[in-house]
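Everything below concerns the one structure shown next.
Ligands are counted one by one from 1 in listed order, and the atoms in each one are counted from 1 as well.
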Amino acid sequence: MTAQTTQVPGRSDTNRPRICGHFIDGSWREPADVLQRHAPGTGAVVSTVGAGTAGDVDEAVRAARHAFDSGIWSDATGTERARILHRVADMIEANSALLAALDAEEGGKPIRLSEGDIAGAAALTRYAAGLAVQMHGTTYTNHGADHTGLVLREPAGVAGLITPWNFPALILCQKLPFALAAGCTVVVKPSELTSSSTLEIARLYAETGLPDGVLNVVTGDGRAGQALAEHHGVDVLSFTGSTTTGRKILTASQGNLKKLSLELGGKAANIVFADADLDDAAEGVLFGAFFNNGECCVSQARLLVHDSIADDFLAELKSRVGRIRVGQPLDHATDVGAMIHPGHLEAVLGHITQGTDQGAHVVAGGARASGPALDEGLFVQPTILDGVGPGMSVFREEIFGPVLTVSRFHDVAEAINLANDVDYGLANSIWSKNVDTVLPVAKALKSGTVYVNTTIDAPPTLPFGGFKTSGVGREMGQAGFEEFTELKSVSIRTGKRSGTFAFGGVHAPRS
Ligand code: TXE
């Protein structure tokens with residue numbers, strides 16, 4: 001194993017060795033090649049991780065398969081699985097300062113958000129522990145006195161988990177503890193841009209005494225992800241990332257028809273009606289748009305506002321947006337941090353230019369953020385573009401940066417049409433105090449989540465996923481857990497058969 005000595009910001013016990021290697025079958029493996037990560041806030045090299053190959057992925061999948069088939073985890077009781085998961089949740093909390101600092105430094109996200117992510121990661125792990133204890137099937141005795149139908153819920157097998165860079169630890173924990181709670185064994189491929197917190201969490205699992213091979217991590221770029229998606233030893237694959245890569249995974253997974261869960265892009269709308277609490281709505285709209293630098297699949301990147309209040313509401317947003325602090329990710333005063341990599345910074349600025357070229361006008365921001373603490377990093381001013389219509393690219397395309405577009409509507413039907421008039425369907429927010437508005441609109445929105453008088457609020461109990469090109473399957477909640485299970489129907493006849501098998505008759509209810 002290669003270990004680097006790196007000063008980890010956010011911790012008093014600095015000079016902690018930072019792991020660099022794949023974690024396979026309970027041990028750390030020396031990678032043949034490595035990738036360096038530059039911090040988005042400063043440009044400095046902050047970590048070096050293995051560049052996993054198809055061979056590394058194969059080794060990890062074989063280890064996971066061997067562990068699964070041995071029954072050491074899949075046959076463990078729910079209580080035993082839950083005990084490990086609760087211990088890991090405790091350890092995530094105990095190591096929260098380190099984990100939060102790693103995600104903020106590598107991902108460019110504000111440290112306060114990163115701290116919230118780690119608290120969420122621990123909460124998800126505890127919630128999944130509860131599901132492990134309650135995993136159950138169903139029994140049917142309504143098909144005759146001599147028949148019992150059992151529906152067994154079993155672990156799906158080897159799970160491949162491919163995670164993105166925007167919530168490295170949090171999204172890992174939307175998948176990993178659920179897969180383990182179900183009895184699956186796992187191979188994780190984190191984003192090449194933000195692998196360190198995943199490696200640290202793997203180290204925590206190893207310290208709990210999780211059997212070898214149950215959890216494996218191969219770091220590396222899309223080639224390692226592709227190898228995992230193609231591998232016939234993987235039974236279920238859970239991915240979070242772009243719709244473009246989601247489509248590639250769909251194709252790559254065809255060979256053995258894996259069970260798939262894909263959480264992809266979004267273009268959510270914040271719909272503000274005239275009868276909303278406008279103070280709450282203004283705070284929520286800005287938070288929803290600029291949360292996590294706008295690099296968030298449920299980012300509420302479009303404001304749809306009733307035209308009777310639009311000018312006043314926009315003036316209010318303009319007065320508040322100046323209070324949002326752009327700054328270094330590790331500074332606790334920062335609200336909006338740095339874009340993930342230089343190419344992405346250029347893409348976000350390109351979207352703004354395209355928007356203004358197509359007729360939108362800048363109400364706030366609109367350019368790269370500069371200043372003494374910012375010049376070495378990849379910072380964009382929180383930007384509001386008004387006069388945006390459904391024909392413009394900024395209305396339709398995922399920008400994934402701190403950019404809010406503003407469109408106006410005249411009535412409820414137009415609000416619904418505008419909200420739904422994009423290819424994505426991940427989440428939308430409604431701001432109104434009138435239940436007669438809220439419920440019909442919530443039902444009409446084509447998205448997997450609808451927030452009402454709140455935004456980007458995802459307790460572990462609620463299943464999360466998309467309609468349309470935002471994905472397939474669900475994460476979190478009971479539904480997210482079930483993605484890592486298979487159902488097996490067992491049809492049992494008891495006693496001596498009264499007759500012979502009759503073609504066409506075996507399914508008939510017995511009298
Ligand atoms: O994502 P990718 P990128 C969106 C957002 C962003 C865009 C591009 O719009 O600007 O995607 O980001 C792995 N087979 N989201 O390029 O490529 C990759 O190594 C298998 C939305 O970073 O989707 C990483 O681990 N895996 C999103 C993961 O996929 C492959 C979060 C995500 O990377 C692969 C991130 C392949 N062929 C970006 N190619 C969200 N839903 O929150 C890459 N990967």
Side-chain angles (χ1 to χ4, degrees), residues 35 37 40 49-54 57 106-109 117 160-168 170-172 174-175 187-195 197-198 217-231 234 237-255 258 260-268 291-299 301 339-351 378 380 393-394 396-403 422-427 448-449 456 458 464-466 468-473 475:
L35 301 168
R37 175 65 181 143
V49 294
T53 62
V57 169
E106 287 184 349
K109 62 193 296 161
D117 287 1
L161 312 179
I162 302 176
T163 55
W165 45 261
N166 51 348
F167 297 90
L170 186 69
I171 291 179
L172 175 73
Q174 289 177 3
K175 303 177 190 294
V187 178
V188 182
K189 207 300 284 174
S191 168
E192 59 275 30
L193 304 173
T194 54
S195 305
S197 63
T198 298
V217 180
V218 176
T219 56
D221 60 19
R223 287 167 290 188
Q226 179 85 19
L228 191 59
E230 286 172 356
H231 204 295
V234 175
L237 191 123
S238 174
F239 166 78
T240 301
S242 63
T243 296
T244 305
T245 301
R247 288 195 170 99
K248 287 184 193 163
I249 287 176
L250 200 62
T251 306
S253 63
Q254 282 176 15
K258 290 174 184 60
L260 278 187
S261 149
L262 305 174
E263 197 273 277
L264 308 175
K267 190 70 182 178
F291 168 80
N292 208 59
N293 314 337
E295 294 171 316
C296 176
C297 52
V298 291
S299 177
M339 299 289 94
I340 188 70
H341 59 67
H344 189 59
L345 171 80
E346 292 310 319
V348 171
L349 295 172
H351 277 291
L378 311 171
V380 175
S393 55
V394 285
R396 319 193 71 80
E397 291 172 18
E398 188 174 48
I399 299 175
F400 232 59
V403 181
V422 289
D423 291 337
Y424 296 111
L426 197 55
T449 295
I456 310 188
F464 177 67
K468 303 194 275 183
T469 62
S470 287
V472 295
E475 292 196 319

Gly241-ligand 1 polar pair, N/O distance under 3.5 Å: yes

Nearest non-hydrogen protein atom, atom 22 (O) of ligand 1: Trp165 NE1, 2.6 Å

How close do Ala301 and Lys267 get, counting heavy atoms only, and between which atoms? CB-NZ, 4.2 Å

Among all protein heavy atoms in this structure, tell me which lies nearest to atom 21 (C) of ligand 1, with the distance rounded to 0.1 Å. Phe400 CZ, 3.4 Å

Looking only at protein heavy atoms, which one is nearest to atom 13 (C) of ligand 1, and what is the separation? Ile162 CG2, 3.8 Å

For atom 43 (C) of ligand 1, grab the closest protein heavy atom and report residue, atom and distance to one decimal in Å. Gly222 CA, 3.5 Å

Over all atoms of both residues, closest heavy-atom pair of Lys175 and Ser238: NZ-OG, 3.0 Å

Give the residue, atom name and distance (to 0.1 Å) of the protein heavy atom nearest atom 9 (O) of ligand 1. Glu398 OE1, 2.7 Å

Region of Gln226 engaging ligand 1 - heavy atom pairs below 4.0 Å: both

Is ligand 1 under 4.0 Å from a heavy atom in the side chain of Phe167, in the backbone, in both, or in neither? neither

Enumerated ligand 1 atoms positioned under 4.0 Å from heavy atoms of His344: 10 (O)

Is Lys248 close to ligand 1, meaning an N/O of one under 3.5 Å from an N/O of the other? no

Looking only at heavy atoms, what is the nearest atom pair of Pro402 and Val348, with distance? CD-CG1, 4.4 Å

Taking every heavy atom of Ala427 against every heavy atom of Ala268, the minimum-distance pair comes out as O-CB, 2.7 Å

Going by heavy-atom distance to atom 34 (C) of ligand 1, choose the closest among Val298, Thr251, Thr245. Thr245

Are Ser195 and Thr198 close enough, and set up right, to give a side-chain hydrogen bond (donor to acceptor under 3.5 Å, both in side chains), and what steps lead you there? CA-CA 5 Å; Ser195 305; Thr198 298; over 6 Å; no

For Lys189, counting its heavy atoms only, list the atoms of ligand 1 lying under 4.0 Å from any of them. 18 (C), 19 (O), 24 (C), 25 (O)

Side chain or backbone of Glu295 under 4.0 Å from ligand 1, or both, or neither, by non-hydrogen atoms? neither

Should the proximity of Ile249 to ligand 1, defined as any heavy atom under 4.0 Å, be assigned to the side chain, the backbone, both, or neither? side chain

Check ion pair Lys109-Glu295 (N to O, under 4.0 angstrom): no

Considering only heavy atoms, which of Ala224, Pro164, Gly220 lies nearest to atom 35 (C) of ligand 1? Pro164

If we number the atoms of ligand 1 from 1 as shown, the ones under 4.0 Å from a heavy atom of Gly225 are 14 (N), 20 (C), 26 (N)

Looking only at protein heavy atoms, which one is nearest to atom 40 (C) of ligand 1, and how far off is it? Cys297 CB, 3.5 Å

Protein non-hydrogen atoms only, distance under 4.0 Å: does atom 26 (N) of ligand 1 have such a neighbour? yes

Neighbour count above 12 (heavy atom, 6.0 Å) for Arg223 CZ: no

Part of Asp221 within contact of ligand 1 (heavy atoms, under 4.0 Å): backbone

Nearest protein heavy-atom contact for atom 29 (O) of ligand 1: which residue, which atom, what distance? Phe239 CE1, 3.2 Å

Counting non-hydrogen protein atoms only, what is the nearest one to atom 41 (N) of ligand 1? Give residue, atom name and distance. Leu264 O, 2.9 Å

Nearest non-hydrogen partners of Glu475 and Thr240, listed with the distance: OE2-OG1, 3.8 Å

Can you tell if the side chain of Pro168 reaches within under 4.5 Å of the side chain of Thr163, non-hydrogen atoms only? no

Which of the ligand 1 atoms, numbered from 1, are nearer than 4.0 Å to a heavy atom of Thr163: 24 (C), 25 (O), 28 (C)

Under 4.5 Å between any side-chain heavy atoms of Leu228 and Val218, yes or no? no

Please work out which of the three classes, parallel, tilted or perpendicular, describes the rings of Trp165 and Phe400, given edges at 30° and 60°. perpendicular

Distance in Å, Leu35 CG paired with Leu193 CG, rounded so as to fall on 0.5 Å steps: 9.0 Å

If we only count heavy atoms from C-beta on, is the His351 to Glu397 side-chain gap below 4.5 Å? yes

Considering non-hydrogen atoms only, spot the tightest contact between Leu260 and Val472 and give its length. O-CG2, 4.1 Å

Considering only heavy atoms from C-beta outward, does the side chain of Cys297 approach that of Phe464 to under 4.5 Å? yes

Please state which part of Ser242 comes within less than 4.0 Å of ligand 1, counting heavy atoms only: side chain, backbone, both or neither. both

Give the atom numbers and elements of ligand 1 that come within less than 4.0 Å of a heavy atom of Glu263. 41 (N)

Counting heavy atoms only, which part of Ile340 comes closer than 4.0 Å to ligand 1: side chain, backbone, both or neither? neither

